[in-house]
Each structure stands twice: as structure tokens, then as C-alpha cells.
Number of protein chains: 2
Amino acid sequence: MATSTVRTPAGAPARSMRADARRNYDRLLNEARASFAEHGTDASLEDVARQAGVGIGTLYRHFPNRQALMYAVFQEALAALLARSRELAEGDHPCHALVEWLGAVVTHTGEYRGVAQALMSATRDETSALARCNTPLREAGARLLARAQESGAVRAEVSIDDLMQLTNAIALAAEQAPDDPALADRLLALTLQGLKGPAAEQG
Amino acid sequence: MATSTVRTPAGAPARSMRADARRNYDRLLNEARASFAEHGTDASLEDVARQAGVGIGTLYRHFPNRQALMYAVFQEALAALLARSRELAEGDHPCHALVEWLGAVVTHTGEYRGVAQALMSATRDETSALARCNTPLREAGARLLARAQESGAVRAEVSIDDLMQLTNAIALAAEQAPDDPALADRLLALTLQGLKGPAAEQG
DNA sequence: GAGCAACCGGAGGTGCCCTCCAGATCGCCT
DNA sequence: AGGCGATCTGGAGGGCACCTCCGGTTGCTC
């Protein structure tokens, strides 16, 4: 996966683009970012095109569907998350690292309302461009989880798929309650510690 | 809250309805139930009306918006959940009862794709008819949680709001992965037990 | 600067949402 | 029984968004 200086969002054109095309591509991407952040990922694509000063046909030329656009927008958040995972993988507190990274996932996902949902459904839909986001995320998470499990801090039965799915679910819950920004943290803490108290029955 | 033999879905007419009106109301409700189950709660309302053999205007007369229709459809599941909670509240295993009830919530929610999401956003939107679903659910959950906490099986800091939100989130995750029906159970189990293993660091 | 491939953009077909109101229908009342 | 008003019906219609398609335009190459 060659991540050169030029965006290569697996489906959007990367190699030598005509100057006007690149200009429009960038405008669209910027406008989509702003629009998704403000109105969520179900913002009107015609609005995005209009705001970008570009015809709707041009938008669809560059991004054949909404998912492709979301993928492109989500790219940099993805890169940041992968970088963070590498950073955390070198620290001394595997469990803490895992939880902190999951928190970062939730935060980044929450930047655009609707991304969590889209990522979740994309998990099982190979055809979606967004599915390509999930694989690297999953692998980054898997490394952190494995380390935490080796250290004994996390139970061995926990699977990375379940954990990522739950994290996405938490992100989704958090974005439904924008007036309670600490919700995500509390839910993650809940996940970490579980419900069980001192006198827990055995399940 | 008088639950007589006649449906009284708080917004849909209850008192003496003309015979033709009641007939259409019932047809619409049945068709909506089927349609939501098959296509999710974002099914076309015009389809619902068409399938019910009724004009679109009639649908909107009875259910001023999609939420009202969802509310009416979700009523019986809601009643079942409340009944189940009363049943479980009398058993001997408070923690087990709580978890089982949460499982039932996830199951019923999952019958209609989209309900989990709608319920979650309705939590913070008083104007929505669906918000009226949440309050009784929350209270039923609160009773079960309180009992589990009194018995010491569940940590005292856990709040019912967080727990319900997380449960909804799990329901949502589960409905995104229809090919893995056990996902919800695993995620609930994860919530119950937490990630922590034998040598957990303190968080 | 000529030619052509790449690109632009918006008209247009489709589908859905929701409103509105003229006409059909019901059921009470005499 | 039959009339009459309140109630209900249904679909036309305006608005919006999606996405496709293709005539016209632009940038790049030689």
C-alpha cells in the first residue's frame, strides 16, 4: 500500500490528473468535509457540489457514490489512527494503550455524524469503498489487543472483531447524544470494567 | 396510562373512530409492520400505503410522520418488554435477570432494522413520538439494575442511562451484521464481564 | 496551434416526502 | 328511511434528492 504524497483513495483517480480535474477534486473533497462535519454524512451531495462551485455531474465523476466520497474524507482520520496505534504499541501499558486507542477511534469517528453507522455496515459489505477503511483499523486494533492479552491485562477470549464492533457502536451512541460529550468515555470505561461488582454471580 | 383493549398510541386517535377509519388504520399498521420488518424502518411510506390498498393521504392522516408510525408498530414489542421486566424482577438472580432483559431488548429492537437508531436519537428529542417509548423502557431497566446493584452483583457506579444507550448501540451493531446472530450476545457478555483479565492494570 | 482525450455541467427521469382539498362516506337524528 | 353534517378518503402536485447521460468545453501533447 503505497501512501505517497498524493491521495490514492482506491477508487478515486490518483495518477496524473488534468489540472482542472484535480482542482475540482480538491474543492469537492474540502466542501464534503465541511458539509459532512456540519450536517452529517447524509448531507445533500447536490449541496456539496453547489458549494464547491462545481456541477453535480463532476461530483459523480470523481466520486461514483456517497461511500466513495466518505472514504476519501475519512482517509486522513484513518491515517492519524494508524499512526497513533503504532505509537501506542511501543509504550509500557498495553491495556491502557488499547483503551486509549479505542477512545481515539471513537473521537475521530464522531467528527462526522453517520460515519460510525457507515463503517459498521461496511464491515460486512465487501463492495463498499468504506470496507477498505476497516481492514487496517482492525489490524491496528488487533496488534494492540494481542499485546494487552499477552500481558494478561485483558481476557484471552475477547475477539478483535467484537471489540471493534462494540467500539463502533459506542461511537454511534456518542454521536446521538452530542450534548453529553463524556458519554463515549463512560461507555468505554464500562466496556473495560464490565458491569460486575464484588459479589458478582458467575455467568 | 390506561391501556384498554383499544390501541391508544399517544398521538394516533383512540376514541371512537369511524368504522372505515379504523379499518384503514389497522391495514396500515399491519402493512407497516410487514414492510418495516422486511425493508427496515426507512421503507417507503408510499409503498406501505399502496400495499395497504389505501391512499397516501390516508396514511398521513393517521400517522402524521414516520416516527408516529414506528411508535405504533413498536408498541406491542414495548409491552412485551415491560411484561418481561416485571417477570424477571421477581426472580432470584438479579444480575442474570438484568442481562437477560437487556438481551430481550436487543432482540425485540432487532426485529425492525432502524428502530435502534431511531430510539437512540429519540432519547434526546422530546418532540418525537418515539421518545415515549424510551421512558418506560428506561424505568423498567432502572428497576432491574437497582436490584442487581443492591445484591452487589453489579458495580454501583453504573448508570441506567449509560447502560440503555450501550444496549441500544449493541442492538444497532447486531442489526448491521445479520449473518452473525450471536454477535449481540457476545457483545452483551463483553459488557457484563468487561475486558479485564487476571493481571489487569488499574484504570 | 491543432487535434483529441479527458473533463465539465446541468437537464432530465425516477422516487420519495408531505400537503391540501374536492368529493365520497359514515352514522346520528328525526 | 332518509337527510345532513362531521369525518374520512385519495391522489394530484410542489419540492427535494439521487444518479445518468451526453453535447460542449478545456487542457495537454506533439
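Atoms considered below: every heavy atom in the structure, side chains included; atoms not considered: hydrogens, waters and symmetry mates. Letters A, B, ... are given to chains in the order of the sequence lines, protein chains preceding strands, and every chain is numbered from 1.
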Using whole Å, report how far [atom1] of [X] lies from [atom2] of [N].
{"X": "B/L59", "N": "D/dC8", "atom1": "CG", "atom2": "P", "result": "15 Å"}
{"X": "B/I56", "N": "D/dG11", "atom1": "CD1", "atom2": "C1'", "result": "10 Å"}
{"X": "A/Y25", "N": "C/dA6", "atom1": "OH", "atom2": "P", "result": "18 Å"}
{"X": "B/L69", "N": "C/dC18", "atom1": "CG", "atom2": "C1'", "result": "14 Å"}
{"X": "A/R61", "N": "C/dA5", "atom1": "CZ", "atom2": "C1'", "result": "11 Å"}
{"X": "B/Y60", "N": "D/dT7", "atom1": "OH", "atom2": "P", "result": "24 Å"}
{"X": "B/L45", "N": "C/dC18", "atom1": "CG", "atom2": "P", "result": "7 Å"}
{"X": "A/R23", "N": "C/dG9", "atom1": "CZ", "atom2": "C1'", "result": "13 Å"}

Within a strict 4.5 Å, meaning less than it, do heavy atoms of the [X] and [Y] side chains meet?
{"X": "A/L195", "Y": "B/L163", "result": "yes"}
{"X": "B/V154", "Y": "B/P94", "result": "no"}
{"X": "A/L190", "Y": "B/E157", "result": "no"}

- Base D/dT26 paired with A/R18 side chain (donor-acceptor, <3.5 Å): yes
- Query: Taking the nucleotide of DNA chain C with the closest heavy atom to each, which residue, B/N65 or B/A19, is nearer the 5' end?
  - Reply: B/N65
- Message: I want to confirm an ordering. Mapping B/R66 and A/V54 to their closest nucleotides on DNA chain C, which one lands closer to the 5' end?
- Response: A/V54
- Message: Side chain of A/E46, heavy atoms from C-beta onward: which of D/dC18, C/dC7, D/dT9 has the nearest atom to it?
- Response: D/dC18
- Consider the side chain of A/S44, meaning its heavy atoms from C-beta on, and name the nucleotide among D/dC8, C/dC8, D/dC18 that approaches it most closely. D/dC18
- For the side-chain contact (heavy atoms from CB on, under 4.5 Å) test, which of B/L29, B/L59, B/T58 pairs with B/N24? B/T58
- Query: Can you name the one residue among B/V115, B/L172, B/T167 that meets side-chain contact (heavy atoms from CB on, under 4.5 Å) with B/T109?
  - Reply: B/V115
- Phosphate contact (C/dC7 OP1 or OP2) by A/H62 side-chain N/O below 4.0 Å: no
- Query: For D/dC8, does either OP1 or OP2 sit under 4.0 Å from a side-chain N or O belonging to B/T58?
  - Reply: no
- Query: At under 4.0 Å between heavy atoms, what does B/N24 touch on the DNA or RNA strands: base, sugar-phosphate, or nothing?
  - Reply: sugar-phosphate
